Amino acid sequence: MAAPLDVFPPSADATPDSVLGGVSGKAIEGRSLGQIAWMRLRREKVAMTGGIIIAVLIVVAIVGPFLVQNPDVYHADLINATFSRPNGAFGGISLAHPLGVEPLTGRDMLSRIVNGARYSLLIAVLATALSVCLGIFFGVISGFFGGWADSVIARSMDVFLAFPLLVFAIALIGVIPTKAFGLSGNSLRIALLVFVIGFFNWPYMGRIIRGQTLSLREREFVDAARSLGARGPYILTRELLPNLVAPILVYSTLLIPTNILFEAALSYLGVGLYPPTPTWGGMLSEAVSNGFYSVDPEFMLVPGLAIFIAVLAFNLFGDGLRDALDPKSR
Amino acid sequence: MRERKRLGLAAFAAAGTLLLAACGGSSGSSGGTASQGTTATYGAAITGVVNPSTHKGGTLTFGDSSTPDSTDPGNTYYAFMWNFTRLYTMPLMTYKSCPGSCGLQVVPDLATAPGQVSADGLTWTYHIQPNVKYEDGTTVTSQDVKYAVERTYDRSVFPLGPSYFPLLLQDPTYPGPYKDKTAGKMGLTSVTTPDSTTVVFHLAKPFADFNYVVAIPQTAPVPQSKDTGANYQLHPMSTGPYKFQSYQLNKTLTMVPNTNWSAASDPNAKQLVNKIVVNMNVNANDIDNRLMANDLGVDMPGTGVQAAARAKILASPTLKQQADNPISGFLWFFYINSVVPPLNNVACRQAVEYAANKVNLQTAYGGPIAGGAIGSTVAPPTLLGYKSFDLYEATTQPTGDVTKAKAALTACGHPSGFSTNIAYRSDRPKEVAAATALQQALSQVGIKTQLHGYPASTYYGNFAGVPRYVHSHDLGLATGGWAPDWPDGYGFFQYLTAGNSISPAGNTNIGELNDPVVNGLLAKFGTTTDAATRNSYTAQIDMQVMKDAVMLPEVYAKSLLYRNPNLTNVYVQQYFGMYNYAVLGLK
């Protein structure tokens with residue numbers, strides 16, 4: 001028997017659920033690459049959890065400081081000065097202070113964590129943006145034009161990667177005066193931290209972009225554009241950059257948690273923001289440097305967990321995003 | 001005199017845990033304190049001797065969470081090392097081995113009597129005991145004392161100790177014995193040795209406190225033939241009750257009894273145990289646990305137990321009766337600059353004194369036990385000539401007096417407050433906490449402050465200790481800590497408050513006080529030879545400095561020490577603020 005050759009119009013009855021589940025009643029449309037990626041990402045429960053946590057963190061960082069109490073107010077009545085620890089169990093947790101209080105000052109931990117989120121995330125995101133911009137710029141130039149430009153940029157990336165970054169960062173922040181570039185106090189420190197973290201991380205991004213550009217520029221569609229008479233700038237912006245969006249997005253997401261940790265490390269080493277401004281790394285550093293973790297573990301645990309959760313969320317989301325954008329990479 | 005270094009070290013100790021810098025000592029001796037003992041209760045070793053005994057034997061172990069700066073008596077500035085070197089050295093003078101304020105007395109050690117000073121105050125003569133021997137049996141001569149002093153002039157080899165001799169003596173440019181071309185390397189003209197038991201110091205100007213200077217371990221004799229320069233610390237020739245058996249640098253030091261030592265010549269030290277072992281670079285919490293488990297004799301730095309052990313000790317009555325909480329001799333304070341406007345007005349400075357919440361400052365340093373008692377004077381209570389007073393309600397209204405502070409602000413013409421900056425050492429968590437606590441308290445009366453942290457290593461050299469920097473950056477307030485190299489008013493106040501101590505860099509008078517009353521009293525201190533009269537100036541200077549309000553005292557530092565119950569002859573030597581290591585024995 002021959003199969004019927006009639007072409008049936010699409011109908012709900014004839015459509016297997018597995019293919020069209022959730023779109024019944026609508027006409028089938030072509031999906032863009034972005035839509036496909038978004039669908040894949042939505043199916044990744046772990047990545048979506050990470051994404052939701054990131055969204056919550058960002059909301060907390062933006063509006064949280066207006067909702068919590070003043071993070072700088074001392075509560076001497078809530079702490080036991082003799083033992084250098086908060087009164088009550090679990091770091092002095094109470095209704096008024098859901099995450100407890102600091103052992104030396106009685107300052108509210110929740111409001112310090114929330115305010116710290118603002119500064120820690122701000123520095124991490126801005127530094128990432130700086131790294132990404134520099135990385136794209138130099139990576140594309142290096143990969144696309146090749147020749148001596150590639151040699152110079154690739155070698156300088158090697159130099160940057162081999163640099164004892166932490167030592168240099170400490171030295172640099174140490175020698176900058178308290179007022180410079182029209183900035184002073186914390187705004188100067190934020191700018192410096194962003195610069196140091198962002199500037200020294202660009203080669204990671206730059207190498208990835210350079211590699212991608214190198215392989216893309218030999219592909220057929222680029223040859224096709226070139227044979228039609230397209231010039232460098234057109235090929236760069238219309239042919240190459242759109243194809244670089246995926247790796248850029250993925251590695252930006254993965255760079256943010258690295259930068260959160262780097263900011264924490266710098267704060268821990270004493271070159272973070274000025275007190276009493278809270279940052280997660282600074283809080284962790286206070287807890288560790290005074291040895292409080294032995295009498296008041298919560299003091300270390302709370303900022304430690306905050307950093308842990310943020311880093312994990314960004315990493316999970318970044319992994320999921322990579323899988324969604326490029327399934328072959330699994 | 002450069003107290004800053006020691007201060008720096010000491011403050012480091014208090015902040016972190018380990019090293020204490022401090023004051024000097026020498027080898028000494030303890031004679032007959034053993035008879036009246038005290039039972040082991042909390043604080044018993046501060047005023048009396050716990051477990052007095054003449055029982056011999058056992059191995060005494062010390063634990064150090066870091067390392068000594070140097071075991072060379074000519075190259076050390078840590079308090080615990082000035083204490084510990086008394087086990088193997090005898091400087092000309094030392095501090096009498098006894099509990100309580102008796103332990104502040106400077107007494108002859110290698111010398112037979114305190115220095116004889118000439119009428120013009122410029123020549124100090126010491127006679128040394130004729131029969132003191134090194135561990136190898138050779139006799140100590142006055143040339144060895146001179147050579148020991150000469151060594152300290154070479155700062156490239158011995159950079160760590162204090163440098164009082166070049167500062168006080170004539171011939172300050174002597175290069176040190178290693179570059180000395182004269183025969184026998186005896187080229188330092190300001191120290192002479194008329195015979196083998198006499199040593200004479202020629203000062204550039206009168207200095208009445210000179211007996212304290214020669215109580216620093218730097219005058220402990222060094223035989224020139226045995227000097228190995230920087231390596232001498234691996235085996236200093238002992239004149240004390242113990243000698244080095246082996247020393248793996250910064251790991252383990254083992255000492256055994258010195259058979260050529262005689263108790264009669266060294267009454268401030270005892271030779272009771274068979275062996276002394278010092279373990280270095282041991283985890284601080286581990287040291288505490290081993291102390292409480294009787295596995296370790298003494299926590300060497302003597303700055304007190306860590307927070308975890310503090311909680312354990314204070315919560316347990318049995319452990320607590322084995323603990324002491326002595327005053328270490330340190331004062332933590334804020335400098336209030338008397339030049340930076342508007343603090344150049346004394347009423348504005350007094351507003352700061354009243355507004356500060358001393359309880360929060362005390363908490364920042366670790367609370368009443370580990371931090372210290374709230375201070376109302378610049379001189380700590382362990383200073384000779386100290387008198388208690390309280391001008392700014394530090395003890396009667398310790399959380400600050402907003403009303404009086406506002407009245408003072410009105411008097412200085414800034415009724416709604418003013419703005420200034422607070423400098424602190426950013427790598428010292430306790431100072432960070434203190435600076436933020438002061439910022440918080442001052443904001444209550446409208447004084448707005450911005451915090452500026454600097455690295456401790458360059459704090460005095462490049463920032464807070466540079467008046468030009470202080471003026472251009474409006475650093476009105478700055479954290480500080482101080483303990484004198486010897487326990488009298490001159491040793492304490494000269495570098496903190498004398499007008500002639502203000503220097504363009506490395507300034508220790510950060511308040512820039514130049515008060516004729518204070519300057520006059522300090523000048524009299526230098527020339528008054530009678531000790532009792534000198535000590536009566538201390539409280540007068542203290543009172544004037546507090547009236548000028550250039551210092552905001554925070555706490556008289558204290559530390560919680562745990563006393564291993566197996567130790568005998570245990571007491572706190574007040575000068576060191578820790579147990580006297582020279583007389584310890586084991587049950």
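In this text the structure is predicted, and so the values were computed from the model without any measurement.
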S.K.: Grab the two heavy atoms, one from B/A364 and one from A/L104, that are nearest each other, plus how far apart they are.
M.R.: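 For B/A364 versus A/L104, the nearest heavy atoms are O-CD1, 3.7 Å.
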
S.K.: In Å and rounded to the nearest 0.5 Å, what is the CD to OG1 distance from A/E102 to B/T436?
M.R.: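 So the CD of A/E102 and the OG1 of B/T436 are separated by 8.5 Å.
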
S.K.: Work out which heavy atom in A/V295 is nearest to a heavy atom in B/A311; give both atom names and the distance.
M.R.: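 Between these two residues, the closest heavy atoms are CG1-CB, 4.1 Å.
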
S.K.: For B/V359, is it the side chain, the backbone, both or neither that has a heavy atom under 4.5 Å from a heavy atom of chain A?
M.R.: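 Interface part for B/V359: neither.
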
S.K.: So for B/Q439, is it side chain, backbone, both, or neither that comes closer than 4.5 Å to the heavy atoms of chain A?
M.R.: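 Interface part for B/Q439: side chain.
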
S.K.: If I compare all heavy atoms of A/P275 with all of B/L451, which pair ends up nearest, and what's the gap?
M.R.: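 Smallest interatomic distance, heavy atoms only, reads O-CD1, 3.1 Å.
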
S.K.: Chain A heavy atoms under 4.5 Å from B/Y424: which part of the residue, side chain, backbone, both or neither?
M.R.: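 B/Y424 touches chain A through side-chain heavy atoms alone.
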
S.K.: So, taking the atom named CZ in B/R310 and the one named CZ in A/F83, what distance separates them when rounded to the nearest 0.5 Å?
M.R.: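 So the CZ of B/R310 and the CZ of A/F83 are separated by 8.5 Å.
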
S.K.: Tell me, side chain or backbone of A/T82 under 4.5 Å from chain B's heavy atoms, or both, or neither?
M.R.: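 Contact with chain B: backbone and side chain both.
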
